[in-house]
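One structure, pasted below without further comment.
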Amino acid sequence: MHYDAVIIGSGFGGSCAAYALARAGLKTVVLERGRMTHRDEDDWDAGKILIESRYRSQSPVRVRQYGARQYTDFFPNEVVGGNSVFYGGASLRLRERDFESWPISYDALEKYYCEAEQLLGVHGESGVDEYEPYRSQEYPSAPIELAPPARRIQAAAREIGLRPFRIPLAINFTDESRPICIRCITCDGFPCRIEAKNDAATTVLRRAQELGAEVMAGTIADRLEESEGRVRAVHCVDRASRRKLELRSGLFVLSAGALHSPGILLRSKLGRFPGSRFIGRFLMRHCNSVVAGIFPFRTNPEKVFHKQLCFGEFYEDHRDRHGRATGVIQDIYTPPASAIRHFAPAGVKRLAAAAAPFMQNLLCIAEDEPRFENAVQLSGETDTFGMETVQVDHQYSDADYESRDVLVSQARRVLKAAGALMTRVHKIDSFSHAVGTVRCGDSPEESVLDADCRFHGVGNLYVLDGSSFPASGGVNPSLTIAANALRVAERLGAELSP
């Protein structure tokens, strides 16, 4: 079957590309290896989602991190909408100086940031973040009032001279034409059963489908077929039947994420092209940690939504020293006691679960260094579909930990000022913020992609997801992925529209 555009992956990059291309009149199809989310009671069940991993992949990613000698198997979630279905809605822009290592400036993305915020229905407030970049358009909606746990953090922070601001959130709090958020505590890590979280599947991708784009769920892309500097087809496997198929097109957009996009490129054997030696290299994921405070009282007895505050005044502290941002601190939920019990170390499981109602947490997001040795490569092993799987090697640098520790120290100050008796730091081992493995740049001597995220040497292949980032910045990557996909796909649509 032939399409004007084939998009591989349905996260923020793939969905926004599909929307822009379908809007331009191109016959567009989105391939997604995952299935549709159920949107039922089990999607808010910690046991089903966090422990049993209801949407886990059938194909492992082998991971070696934090100094481990051996690889362990990690099974990521796979659904239509990608990681956006499990994110917490935080929608921050990179700052102007974050683009110093990009082949484009903040100016090139600004209007697309505005468009992404409108499409995702972001609630935010301008003029309160010290390092907020300029904007040409206000947020579509204002923030909601602070919940009691957030007010506690805000008051404590102000007492010690800090200035938290409201996290811009892509959650539907006010639009009565759609389900409105009931302000529960199942955003981060969970699909939204009522579709009030504005993930890619319920917003941009749905609009793309209304414009004629097709979505082929359960279709796993294996490799691209290239000849004479152009991709001719993508070879796929149907997840349910194991039937092999191929789709042909004049335009291919790879948006499978920072772990699977390089895997597809490596299986496609594009090594003869300039810049190909960087495929899979420079993996970044932020140097993140959660600081948990233990309080002498129940911190959220009503179990209300409170992911509302962000601290950004430390953002530029390490710029001159390391050439990168320090990062931000955000309020975050406490996982359910059952999940804490399951994941806690042996010997403290019961104690950790009992402490859950007395916890309040802050998430530290530090920009990490792009290092060649942090890589996604092929593993040499095949999965149940006969495809070679990927393996991840990742270690943080001393500079990464230095930035993280600055944020951890400040988070501890806030929690203790709020009444915490003690704090504990938990490292993050997921790849929810993974970026950088198919980086864009000015030349093939330093990058896989050009400034418009086109593969060097292949005229009709674009990569529009977090893997195109040459630097991670110090904020959540989702809004930038969306804005960049809108930027590139709008131009492609104008060039190729019938």
Side-chain angles (χ1 to χ4, degrees), residues 42-78 83 86 88 149 185-190 259 285-301 303 330-366 368 374 379 381 389 391-396 400-401 404-405 407-409 411-412 415-416 420-434:
D42 283 350
D43 277 353
W44 280 352
D45 185 307
K48 298 291 185 182
I49 298 299
L50 302 181
I51 298 173
E52 297 175 20
S53 299
R54 186 183 196 190
Y55 295 101
R56 62 180 271 163
S57 173
Q58 295 174 272
S59 303
V61 174
R62 303 178 71 222
V63 176
R64 185 167 60 184
Q65 60 180 327
Y66 287 114
R69 295 184 178 181
Q70 303 295 324
Y71 290 96
T72 57
D73 285 344
F74 159 62
F75 294 86
N77 289 316
E78 291 178 353
N83 280 338
F86 302 92
I185 53 174
T186 53
C187 275
D188 278 303
F190 295 83
L259 302 187
R285 54 190 274 196
H286 286 142
C287 191
N288 293 347
S289 289
V290 171
V291 183
I294 310 298
F295 289 75
F297 51 82
R298 293 179 180 269
T299 56
N300 189 15
K303 296 183 179 180
Q330 295 176 2
D331 197 359
I332 195 170
Y333 308 110
T334 300
S338 59
I340 290 177
R341 177 193 292 267
H342 178 81
F343 292 107
V348 298
K349 290 182 178 292
R350 184 176 297 179
L351 179 63
F358 304 92
M359 289 183 187
Q360 189 156 355
N361 304 327
L362 294 174
L363 171 64
C364 300
I365 302 175
D368 52 339
N374 284 339
S379 69
E381 300 180 356
T389 60
Q391 66 184 28
V392 175
D393 282 278
H394 183 274
Q395 304 297 333
Y396 289 117
D400 296 339
Y401 283 124
R404 183 206 62 177
D405 290 348
L407 300 177
V408 166
S409 175
R412 280 179 157 151
L415 290 168
K416 289 181 178 178
L421 301 175
M422 59 180 293
T423 60
R424 288 187 60 86
V425 179
H426 303 274
K427 63 187 180 185
I428 303 293
D429 58 8
S430 74
F431 288 84
S432 57
H433 286 196

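For reference, positions follow the sequence shown, starting with 1.
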To the nearest 0.5 angstrom, please state how far the SG atom of Cys187 sits from the CZ atom of Phe86.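 The SG atom of Cys187 sits 13.0 Å away from the CZ atom of Phe86.
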
CD on Gln330 to CD1 on Ile365, rounded to 0.5 Å: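 Rounded to the nearest 0.5 Å, the CD1-CD separation comes out at 4.0 Å.
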
If I take atom CG from residue Leu363 and atom CG from residue Asp331, how far apart are they, to the nearest 0.5 angstrom? 9.5 Å

Do the non-hydrogen side-chain atoms of Arg424 and His426 ever get within less than 4.5 Å of each other? yes

Is the closest side-chain heavy-atom distance between Asn361 and Pro335 below 4.5 Å?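 The answer is yes; the side chains approach within 4.5 Å.
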
Minimal heavy-atom distance between Ala339 and Leu50, with the atoms involved, is CB-CD1, 3.9 Å

Can you see whether Thr423 engages Arg412 through a side-chain donor-acceptor pair at a distance of less than 3.5 angstrom?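 Checked: Thr423/Arg412 side chains pair up, N/O donor to acceptor below 3.5 Å.
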
Check Cys287 against Tyr401 and note the closest heavy-atom contact, atom names and distance. SG-CD2, 4.0 Å

Tell me, please, which residues at least two apart from Phe358 pass ring-ring contact (aromatic ring centres under 6.0 Å, His included). none

Evaluate the side-chain proximity of Val290 to Val425: yes if any heavy-atom separation is below 4.5 Å, no if none is. no

Output all residues satisfying side-chain contact (heavy atoms from CB on, under 4.5 Å) with Asp393, sequence neighbours left out; order by chain, then residue number.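 Once residues adjacent in sequence are excluded, the partners of Asp393 under the side-chain contact (heavy atoms from CB on, under 4.5 Å) criterion are Arg64, Tyr71, Gln391.
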
Spatial distance of atom CZ (Arg404) from atom OH (Tyr396) [nearest 0.5 Å]: 8.5 Å

Please enumerate all residues that pass salt bridge (charged side-chain N to carboxylate O under 4.0 Å, His left out) together with Asp73, with sequence neighbours excluded.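 So Asp73 forms no salt bridge (charged side-chain N to carboxylate O under 4.0 Å, His left out) with any residue.
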
Taking only residues two or more places apart in sequence or in another chain, which ones pass side-chain contact (heavy atoms from CB on, under 4.5 Å) with Ser59?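 Result, side-chain contact (heavy atoms from CB on, under 4.5 Å) vs Ser59: Arg33, Ser57, Asp383, Phe385.
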
Residues in side-chain contact (heavy atoms from CB on, under 4.5 Å) with Gln65, at least two apart?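 Testing Gln65 for side-chain contact (heavy atoms from CB on, under 4.5 Å), a comparison that skips the adjacent residues, returns Val63, Arg285, Asp429, Phe431.
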
Among residues at least two apart in sequence or on other chains, which ones pass side-chain hydrogen bond (donor to acceptor under 3.5 Å, both in side chains) with Asp188? Lys307

Nearest atoms (heavy-atom pairs only) where Leu415 meets Ala292: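 What the structure gives for the nearest pair is CD1-C, 4.2 Å.
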
OG1 on Thr186 to CD1 on Ile49, rounded to 0.5 Å: 10.0 Å

With heavy-atom distances below 4.5 Å as the criterion, would you say the side chains of Pro76 and Leu259 are in contact?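 Counting from C-beta outward, Pro76 and Leu259 never come under 4.5 Å.
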
Taking the side chain from Gln360 and the backbone from Pro149, do they hold a donor-acceptor pair closer than 3.5 Å? yes

Sequence neighbours left out, what passes side-chain hydrogen bond (donor to acceptor under 3.5 Å, both in side chains) with Asn374? Give chain and number order.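 With sequence neighbours excluded, Asn374 shows a side-chain hydrogen bond (donor to acceptor under 3.5 Å, both in side chains) to no residue whatsoever.
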
Contacts table for residues 343-357: side-chain donor-acceptor under 3.5 angstrom, sequence neighbours left out:
from, atom 1, to, atom 2, distance (Å)
Lys349, NZ, Arg341, O, 3.2
Lys349, NZ, His342, O, 2.8
Lys349, NZ, Ala344, O, 2.7

With sequence neighbours excluded, residues passing side-chain hydrogen bond (donor to acceptor under 3.5 Å, both in side chains) with Tyr55: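 Asp43.
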
Just by distance, do the side chain of Asp42 and the backbone of Asp45 share a donor-acceptor pair under 3.5 Å? no

Sub-4.5 Å side-chain heavy-atom contact between Met359 and Phe295: no

Identify, with sequence neighbours excluded, every residue that meets side-chain contact (heavy atoms from CB on, under 4.5 Å) alongside Ser432.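 Expected list: Ser430.
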
Determine the minimum heavy-atom distance between Ser379 and Thr389, stating which atoms define it. OG-OG1, 2.6 Å

Using every non-hydrogen atom in the two residues, find where Gln395 and Ala68 come nearest and quote the distance to one decimal.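 Looking at all heavy atoms of both residues, the shortest contact is NE2-N, 4.4 Å.
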
Contacts of type side-chain hydrogen bond (donor to acceptor under 3.5 Å, both in side chains), residue Asn288, not counting sequence neighbours: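 For Asn288 there are no side-chain hydrogen bond (donor to acceptor under 3.5 Å, both in side chains) partners, ignoring immediate neighbours.
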
